[in-house]
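Note sheet for the following structure.
In what follows, chains carry the letters A, B, and so on, assigned in the order in which the sequence lines appear, proteins first and then strands, with residues in each chain numbered from 1. Because the structure is predicted, anything quoted here is derived from the model rather than measured.
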There are 2 protein chains.
Amino acid sequence: MQTEEQLRDFILNGQLYYIPHVSLDCAIFGYHEQQLKLLLIKHKAIKDWCLPGGYIKRTETLVQAANRNVKERTGIDNLFLQQFKTFGDPDRAKTSQFDEDKWFETVGIRIDKTNWLIDQTISVGFYAITDFSRTEPQSDVLAVQCAWFDIDSLPKLDFDHDEMVKEALHTMRVQLYHYPIGYNLLPEKFTLSEIHALYETLLGKKLDISNFPKKLIALGLLKKLDEKRSIGAHRSPHLYMFDKEKYDEALKEGLVLS
Amino acid sequence: MQTEEQLRDFILNGQLYYIPHVSLDCAIFGYHEQQLKLLLIKHKAIKDWCLPGGYIKRTETLVQAANRNVKERTGIDNLFLQQFKTFGDPDRAKTSQFDEDKWFETVGIRIDKTNWLIDQTISVGFYAITDFSRTEPQSDVLAVQCAWFDIDSLPKLDFDHDEMVKEALHTMRVQLYHYPIGYNLLPEKFTLSEIHALYETLLGKKLDISNFPKKLIALGLLKKLDEKRSIGAHRSPHLYMFDKEKYDEALKEGLVLS
DNA sequence: GAAATAGTGTCTGTTAGACATTATGCC
DNA sequence: GGCATAATGTCTAACAGACACTATTTC
C-alpha cells in the first residue's frame with residue numbers, strides 16, 4: 001500500500017477483498033553474524049511499535065497471506081515460515097479505545113466505529129527467519145517506520161504483541177530441533193563455526209562446538225567441500241554446504257536433533 | 001441452542017454476539033477400554049458428518065469458546081484442550097455452493113448469501129480428550145445427530161475436516177510425549193496395565209509393558225498405592241494414582257517422555 | 001502345583017555431552 | 001617454532017528398549 005489512493009480504497013472497501021475480523025501478525029526474526037533481531041513497524045495511528053501484520057485476501061491461503069506480508073516488509077520471498085498460534089482474547093486490541101478524531105488527524109481519512117478495520121479481530125501468528133543484512137525494511141503509508149530491533153532490547157509493543165513475540169520465540173526454538181535451518185541464512189558455502197554461531201544465537205544458549213555438527217553431518221545434511229577459506233589469522237577452516245535434497249526432505253519429514 | 005426461538009435469533013442476529021468470519025472446530029477424542037473414538041455431528045443442512053464446532057462470542061477467549069463447545073457436546077468441562085492449527089484456505093467451505101432453498105427447506109428460516117453464517121470463514125482447530133463412557137453426546141436444533149465414531153472407521157467428513165482430524169491426531173500424538181495425560185480418562189485408582197493400554201491406544205502403537213511406566217514413576221507422576229484390585233483370574237495388580245501436584249506442574253511446565 | 005499374569009531386573013546398543021587430542025595454517 | 005584455532009577423537013554416564021526372570025494369586 002504505497003499510495004493515498006490505494007489506502008483510501010483499502011480503508012473504505014477493504015472488506016470486499018479481505019476477510020474482516022481476521023488478521024495475521026508475523027514475527028520476522030533476522031539473523032546475521034551472531035545477532036538476532038526482530039522486525040517491527042510503527043503504525044501511523046498507533047502509539048507503540050508492533051509486529052508487522054495484515055489482512056487475508058479472500059482468494060489466498062493463510063500461508064500465502066503471511067508470505068505476502070513478509071515479502072512486503074523484507075523484499076524476500078519463500079522464507080522458512082510457520083504458523084505458531086492464533087490469538088483471540090477479547091481485550092487483545094482495545095477497540096473500545098478507538099479515537100475517531102485522532103485517526104482522522106493522523107491518517108487523513110475519516111472512519112467510524114462501524115468500519116471493518118475497527119471491529120474485533122482475531123489474529124493468526126506466523127514466524128519467519130531471514131538474514132537481516134539482505135533485507136531492506138519497507139515502510140508504507142500506514143506503517144511509517146519499519147526497522148530491525150535487537151531481540152534483547154525490544155521496545156514495549158502494542159496490543160498483545162509482547163505475548164506473540166514470546167510465543168513465536170518459544171515455538172521457533174522448539175522447532176529448531178525438528179526442522180533444518182540455515183539455508184538462506186548463511187552464505188552458500190560456510191564454515192562449521194558459522195553454522196554453530198547461527199544455532200547458538202537463535203537458541204540463545206551455548207552449544208558444544210565439538211559435538212554440535214556431529215548429528216547434522218551424520219544425517220547427511222552437511223556436505224564437506226574441498227575448499228577452505230582464509231579468514232585472517234591462523235588456520236583456514238573447511239567450507240561446508242547443505243545437501244539441498246536431504247535438506248528439503250528434512251523440511252518435509254522433520255528431523256530430530258538431540 | 002435448543003429452541004427455535006434461540007435458533008432464529010442466532011441465525012439472524014448472531015453477528016452481534018459472535019465474531020463473524022471466525023469459527024472453531026473441535027476434534028474431541030474419546031477413550032475407553034482400549035477404544036479410541038471421535039465425536040462427530042450431523043448438521044441439518046450439511047450433507048456429510050462434521051467435527052463439532054461453533055462461533056466465538058465477542059466476550060470470550062478462544063479457549064473459553066472451545067471449552068464451551070466441548071461442554072455443549074459432551075456435558076464435560078475442563079478437559080485437556082489444545083489449540084493445534086488454524087485453517088483458512090479460501091476453498092475450505094465452498095460458500096459458493098450455498099443453496100438458499102435447501103437451507104430454508106431443512107432449517108425453516110430463510111437467509112441469503114449476505115447472512116453472516118454464509119460468508120467466508122477461517123476456523124481455529126482445537127482438540128480435546130475425554131472418557132467417552134462418561135459422556136452423553138448432545139445434539140440440538142441444527143446438529144441433529146451427535147455420536148462417537150471409531151477412529152479407524154470414520155465416515156468421510158465435510159469441508160476440510162478430514163485434514164483437521166489428521167492434524168489433530170498428529171498433534172495429539174506428538175504432545176502425548178510432552179504433557180501428562182490420563183487424569184479424567186482413567187478411574188481415580190488404576191493399574192499399570194490400564195494406563196499402558198491408554199497410551200497404546202492413543203498413540204496407535206505398541207509400547208513395551210515393562211519399560212513403559214519407568215519414566216512416569218521416575219518423574220513421580222504415579223504414586224503406588226497399598227491397595228490391590230482383584231480382577232478375576234490370577235494375580236491382582238497394584239493400584240496407582242496420579243500425584244496431582246506433580247501432574248499439574250507437568251501440565252504447566254511440560255515434560256519429556258522418551 | 002499349574003497356569004496366568006504382574007512386576008522387576010538385567011543386559012545391550014546408542015547417544016548426548018564433557019573433555020582431550022591432533023591437525024593445520026599463520027605469524 | 002610457537003601459537004591460535006579447526007576439527008576430530010575418546011570417554012562416560014544416562015537411557016531406551018529388548019528380554020528374561022521372579023513374584024503373586026487363582027484355580
Just the rounded figure in Å: distance from [atom2] of [N] to [atom1] of [X].
X      : N      : atom1 : atom2 : result
B:I209 : C:dA4  : CD1   : C1'   : 15 Å
A:L222 : D:dA6  : CG    : C1'   : 15 Å
A:L216 : D:dA7  : CG    : C1'   : 15 Å
B:F190 : C:dA6  : CZ    : P     : 15 Å
B:I217 : D:dA16 : CD1   : P     : 14 Å
B:F212 : C:dA6  : CZ    : P     : 14 Å
A:L192 : C:dT24 : CG    : P     : 15 Å
B:Y177 : D:dC15 : OH    : P     : 17 Å

Presence of A:S236 side-chain N/O under 4.0 Å of C:dC26 phosphate oxygens OP1/OP2 =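 Indeed, a polar side-chain atom of A:S236 lies that close.
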cation_pi(A:K37, A:Y31) dist<6.0 Å, angle<=45 = no
query = Over its full length, what angle do the end axes of the helix from C:dG1-D:dC27 to C:dC27-D:dG1 make, each axis taken from five pairs and the result rounded to 10 degrees?
reply =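 Between the first-five-pair axis and the last-five-pair axis there is 20°.
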message = Ring centroids only, cut at 6.0 angstrom: are A:Y240 and A:F190 within range, meaning strictly under it?
response =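 When the ring centroids of A:Y240 and A:F190 are compared, they turn out to be at least 6.0 Å apart.
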request  = Could you check whether A:K224 gets within reach of a base, just the sugar-phosphate, or nothing at all, counting any heavy atom under 4.0 Å?
outcome  = sugar-phosphate
ask   = Relative to the ring of A:F149, is the ring of A:W49 parallel (under 30°), tilted (30 to 60°) or perpendicular (over 60°)?
value =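 Rings of A:W49 and A:F149: perpendicular, over 60°.
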Close side-chain approach of B:I28 to B:P52, heavy-atom, < 4.5 Å =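 Contact flag for B:I28/B:P52 side chains = yes.
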ask   = Is the closest basic N to carboxylate O distance between A:D160 and A:K85 below 4.0 Å?
value =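 Salt bridge absent between A:D160 and A:K85.
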key: N-O pairing of A:K71 and A:D77 below 4.0 Å   = yes
key: Criterion side-chain contact (heavy atoms from CB on, under 4.5 Å) on B:E200 and B:F212, from CA distance to verdict   = CA-CA 10 Å; B:E200 278 197 340; B:F212 166 73; over 6 Å; no
note = Each nucleotide of nucleotides 14-23 of chain C classed B (base within 4.0 Å of a protein heavy atom), S (only sugar-phosphate) or -, in 5' to 3' order, makes --SBBB----
Distance-only polar pair, side chains of B:T86 and A:T86, donor-acceptor under 3.5 Å = yes
key: Worked verdict on B:Q175 versus B:F84 for side-chain contact (heavy atoms from CB on, under 4.5 Å)   = CA-CA 10 Å; B:Q175 296 195 346; B:F84 66 93; over 6 Å; no
